[in-house]
Amino acid sequence: MASHILLLTLVAITCTLSLAFEPSPLQDFCVADSSSSARVNGLACLDSKLVQASHFSFSGLHIAGNTSNPLGSRVTPVTVAQLPGLNTLGIALARLDYAPWGLIPPHMHPRATEVLTVLEGSLEVGFVTSNPENRFISKVLQMGDVFVFPLGLPHFQKNVGHGTAVSLSALSSQNPGVITVANAVFGSNPSISDDVLAKAFQVDKNVIDHLQSQF
Ligand SMILES: *[C@@H]1O[C@H](CO)[C@@H](O)[C@H](O)[C@H]1NC(C)=O
């Protein structure tokens, strides 16, 4: 009896884990039909007779992103929105450009694990584990180094080299999503009340008002 309960528990855990990832495709491909109004989990499939090589292709990832902004960084995404052939395939890509000291600020991908490769320069990267440990795991990476940010955990990348830096990330979702911590907490629309945030962060309300005014 006890072994049956253990087995059922294991099956339940396995099912829960498998649901945390995108479902397996049910056909060779399902190129996203952006003109379809069908509501499905993902995007409706274009008639396969209309599919062309261009639906599986994206150009321009050799072009550096414009990093002239306060953070000194730029993300050039290649998700299903840019590359319709990614629909249902559970994978995406992004080029990241960093000015000297440029930062991709702390953020999470609700639907993807990310594996990053440094193509040029030197990056400090890190992520924080969930409660209660909240362990900060970080490393300085050089050209050719690879680092993985596990699904859903907050992470950041900072250029700590002398020149510009470039990295390429692969992500385990056609639509990884991004939640930038500062924007979500202090820049939501409408705002979260400063009572809530003052108590959550254990600071005076005027500190919160100042942070909210930055977004
Ligand atoms: C880069 O972005 C800045 C700020 O938006 C803009 O002024 C500048 O013209 C852009 N540079 C290029 C090469 O597009």
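We count ligands from 1, going down the list as the structure has it; atoms in each ligand are counted the same way. Hydrogens, waters and symmetry mates are skipped; everything else that's a heavy atom, side chains included, is used.
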Per-atom contacts, ligand 1 versus Ser68 - under 4.0 Å to a heavy atom: 2 (O), 3 (C), 4 (C)
Under-4.0 Å protein heavy-atom contact, atom 2 (O) of ligand 1: yes
Any protein heavy atom nearer than 4.0 Å to atom 14 (O) of ligand 1: yes
ILVMFWY cluster, Phe29 and Leu43 together (side-chain gap under 4.5 Å): no
Pairs satisfying ring-ring contact (aromatic ring centres under 6.0 Å, His included), at least one member in residues 166-200, at least two apart: Phe186-Phe201
Parallel, tilted or perpendicular, as decided by the 30° and 60° cut-offs, for the rings of Phe127 and Phe149: perpendicular
Minimum heavy-atom distance between Ser122 and Val140, given as atom pair plus value: OG-CG1, 3.7 Å
Top protein contact for atom 9 (O) of ligand 1, by heavy-atom distance: Asn66 ND2, 4.8 Å
